[in-house]
Amino acid sequence: MERMLLVYTTFPDAPTALSVGEALVRAQLAACVNVLPDMQSVYAWQGRIERSTEVVAILKSREGLAGPLGAALKERHPYDTPIILHLPVAEADPDTAAWIVAETSDPA
């Protein structure tokens, strides 16, 4: 069976994350998107140190969709340079993996 994939990204707020997440689930690029609110971030950006409140989104998908999922996420993301980290899953419960496969489209 194909390996599962988690994608980590951040958004400026929960409504934006949920809207983008829903679009990706509807497009069958992700089976689920978890949105974790109120994360405090400190980061370097364009030569300055910034602080902001963001939300984390974790997308559950599979490795064969990494390219299309990443492209669709970038297209819908409000940040100029969004953080998009593909985190391969070493192992998944078989029922969880079957659900993710059933809820996502076959890679083209």
Participant: Closer than 3.5 angstrom, by distance alone: can the side chain of S61 be matched with the main-chain N or O of L29 as a donor-acceptor pair?
Facilitator: yes
Participant: Hey, are Q28 and T104 close enough side-chain-wise for a donor-acceptor pair under 3.5 Å?
Facilitator: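 Note: T104 and Q28 side chains miss the donor-acceptor criterion.
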Participant: Determine whether a donor-acceptor pair (N or O, by modelled atom type, separation under 3.5 Å) exists between the side chain of R62 and the backbone of S105.
Facilitator: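 Indeed, once roles are kept as given, a pair shorter than 3.5 Å links the two residues.
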Participant: Can you confirm whether V7 sits close enough to I84 that some side-chain heavy atom of one is under 4.5 Å from a side-chain heavy atom of the other?
Facilitator: yes
Participant: With the 4.5 Å side-chain cut-off for hydrophobic clustering, are M39 and Y43 part of the same group?
Facilitator: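 Result: no, two separate clusters.
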Participant: Could you state the interatomic distance from CD (E50) to CH2 (W45), rounded to the nearest 0.5 Å?
Facilitator: 9.5 Å
Participant: So does V89 get a backbone contact from the side chain of R3, meaning a donor-acceptor N/O pair under 3.5 Å?
Facilitator: yes
Participant: Find out whether L24 and L59 are in side-chain contact, i.e. whether some heavy atom of one side chain is under 4.5 Å from a heavy atom of the other.
Facilitator: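 Yes, their side chains come closer than 4.5 Å.
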Participant: About how many Å separate CG of L6 and SG of C32, when rounded to the nearest 0.5 Å?
Facilitator: 10.0 Å
Participant: If we ignore hydrogens and angles and just use 3.5 Å, is the side chain of E2 paired with the main-chain N or O of G64 as donor and acceptor?
Facilitator: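 Yes, E2 side chain to G64 backbone: donor-acceptor pair under 3.5 Å.
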Participant: If you compare all heavy atoms of P78 against all heavy atoms of T16, which two are closest, and at what distance to 0.1 Å?
Facilitator: CG-CG2, 3.8 Å
Participant: Less than 4.5 Å apart, side chain to side chain, heavy atoms only: is that true for F11 and P82?
Facilitator: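 The answer is no, as the side chains (C-beta and beyond) never meet within the 4.5 Å cut-off.
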Participant: Is there a side-chain contact between V33 and V25, using heavy atoms and a 4.5 Å cut-off?
Facilitator: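 V33 vs V25: side chains touch.
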Participant: Counting C-beta onward and ignoring hydrogens, is there a side-chain heavy-atom pair between L73 and T9 closer than 4.5 Å?
Facilitator: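 Heavy-atom side-chain distance check passes, below 4.5 Å.
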Participant: Distance check, rounded to the nearest 0.5 Å: L65 atom CG versus H86 atom NE2?
Facilitator: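 Between L65 CG and H86 NE2, I get 10.5 Å after rounding to 0.5 Å.
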Participant: Could you measure the distance from the OG1 atom of T10 to the CG atom of L36? Nearest 0.5 Å is fine.
Facilitator: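 Spacing of OG1 (T10) from CG (L36) equals 11.5 Å.
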Participant: How close do V55 and A17 get, heavy atom to heavy atom, and via which atoms?
Facilitator: CG2-CB, 3.8 Å
Participant: Check whether R26 reaches the backbone of E22 with its side chain - one donor and one acceptor, N or O, closer than 3.5 Å.
Facilitator: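 Flag not set: sc R26 to bb E22 has no pair under 3.5 Å.
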Participant: For residues T53 and D38, determine if any side-chain heavy atom of one lies less than 4.5 Å from a side-chain heavy atom of the other.
Facilitator: yes
Participant: Considering residues at least two apart in sequence or located in another chain, which fulfil the ring pair (Phe, Tyr, Trp, His ring centres under 6.0 Å) criterion with Y79?
Facilitator: H77
Participant: What distance separates I100 CD1 from D95 CG, expressed to the nearest 0.5 Å?
Facilitator: 11.5 Å
Participant: Give a yes or no on whether D80 atom CG has more than 12 heavy-atom contacts from other residues, nucleotides or ligands under 6.0 Å away.
Facilitator: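 Incorrect, the count does not exceed 12.
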Participant: Rounded to the nearest 0.5 Å, how far apart are CD1 of I49 and CZ of R51?
Facilitator: 10.0 Å
